[in-house]
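Counting starts at 1 for both ligands and their atoms, following the listed order. When a residue number appears, it is its place in the shown sequence, counting from 1.
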Amino acid sequence: MSSVTVRVPAKVNVQLSVGPLRDDGYHDLVNVFHAVSIFDEVVAKESELVTVRVEGEHADQVPLDDGNLAIQAARALAKHAGRTYGVELVISKAIPVAGGMAGGSADAAGALVACNELWGLGLPREDLMEIAADLGSDVPFSLLGGTAVGTGRGEQLTGVPTGGDFHWVFAVADGGLSTATVYAQCDRLREATGEQVAWPQVNDGLLAALAAGDAGRLGAELVNDLQPAAVMLRRSLTRTLDAGRELGALGAIVSGSGPTCAFLARDGDHARELAAALSGAGVCRLAVAAHGEVPGAEIV
Ligand code: ATP
């Protein structure tokens, strides 16, 4: 086999609850991840060395050295197999960079699946999940896809049932936000307001809405504890979120650490109308209609 192509989805957190800051600097999280139909493609080709090339919009903002998560994934897999392997990775990016949709994690998951196949390792998904968890807390979900509850730092995953497709619009902003900066801002805000931060709990109303395929109810149950911090760092997001609500979105939320905003629509037609209206309203760089849930990283 000289080349393997893997397609891997973006995610939106329909719930992101952030617990108190721990002594080790991390937070306990409750995440409900939902994979949506915005895909990066990772192609793995035979090569002596481990290299990466990135194509697509904002490719220039993605590192090409060992800072690239796909390179880290390939190296971690080779190490796990106890061999020295090479690969030329070519990533076509559709997932916004530093947009709160786990683009880097998606590419890492894509590289794991592609290299496992290219190198003929035949490792089971459980092994890939373990390697993924060491690479970053969102990487296991990018492998799994669907809809899942993540606890701990987000890496212990349990699939949750959904009763149908959900239709979304993602308003992509100009420029990204650093996840670490948004968490730090969240801590500062909480300290400044003296907020007593509760232990994060799964929102049962949200799980019921997912299970019922009830977009109206899901829209009302969306949770993102990072949203106040993201909006504070990027004031223009208030206008974006308000515009989506005024245009009839069933729910409006910052995606993960932002700055992408996610809007829930009634159906596919409504999502396309909403995307066109948001694009025309001048409140984002680009608005994209998508649906979920979709599978995780898979060979195409
Ligand atoms: P998350 O939602 O997981 O917090 P994000 O979607 O906000 O992440 P990413 O697109 O994953 O952000 O990018 C975060 C940073 O990771 C980028 O600024 C970039 O420097 C770095 N990075 C490393 N590898 C990649 C990659 N393959 N694709 C995109 N960014 C990458």
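For atom 2 (O) of ligand 1, the choice among Ser105, Ser255, Ala70, Ala102 with the nearest heavy atom turns out to be Ala102. Here atom 27 (N) of ligand 1 lies nearest to Asp107 when heavy atoms of Asp107, Ile95, Val42 are compared.
Between Gly258 and ligand 1, a contact under 3.5 Å exists for no N or O pair. Between Val62 and ligand 1, not a single N/O pair is under 3.5 Å apart. Considering backbone and side-chain N/O atoms, Leu69 comes within less than 3.5 Å of an N/O atom of ligand 1.
Ligand 1 lies within reach of Lys11, whose nearest heavy atom is under 4.0 Å from it. Using 4.0 Å as the threshold, Pro63 has a heavy atom nearer than that to some atom of ligand 1. Put simply, no part of Gly176 is less than 4.0 Å from ligand 1, judged by heavy atoms.
Grouped by direct or indirect side-chain proximity (heavy atoms under 4.5 Å, Ile/Leu/Val/Met/Phe/Trp/Tyr only), Val90 sits with Val43.
For atom 25 (C) of ligand 1, a protein non-hydrogen atom is found at a distance below 4.0 Å. Protein heavy atoms are absent from the space less than 4.0 angstrom from atom 16 (O) of ligand 1.
Below 4.0 Å from some heavy atom of Asn68 lie the following atoms of ligand 1, by number and element: 23 (C), 24 (N), 27 (N). For ligand 1, the atoms closer than 4.0 angstrom to any heavy atom of Gly67 are 23 (C), 24 (N). The contact set between ligand 1 and Val97, taken as ligand atoms under 4.0 Å from a residue heavy atom, comprises 10 (O).
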Could you give me the CA-CA distance, side-chain angles and deciding distance for Phe263 and Leu247, then say whether side-chain contact (heavy atoms from CB on, under 4.5 Å) is met? CA-CA 10 Å; Phe263 301 95; Leu247 288 163; over 6 Å; no
Please assess Val294 against His291 for the test side-chain contact (heavy atoms from CB on, under 4.5 Å), listing each intermediate value before the final yes or no. CA-CA 8 Å; Val294 295; His291 65 92; 3.8 Å; yes
Assess the residue pair His270 and Asp267 against the criterion (side-chain contact (heavy atoms from CB on, under 4.5 Å)); give the C-alpha distance rounded to whole Å, side-chain angles, the decisive distance to 0.1 Å, and a yes or no. CA-CA 5 Å; His270 184 212; Asp267 51 33; 3.3 Å; yes
Could you check Asp225 against Arg190 for side-chain contact (heavy atoms from CB on, under 4.5 Å), going step by step and ending with a plain yes or no? CA-CA 11 Å; Asp225 284 354; Arg190 286 174 164 183; 3.7 Å; yes
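For the pair Leu89 and Lys45, the minimum side-chain heavy-atom distance is 4.5 Å or more.
With a heavy-atom cut-off of 4.0 Å, Pro96 touches ligand 1 through its backbone alone.
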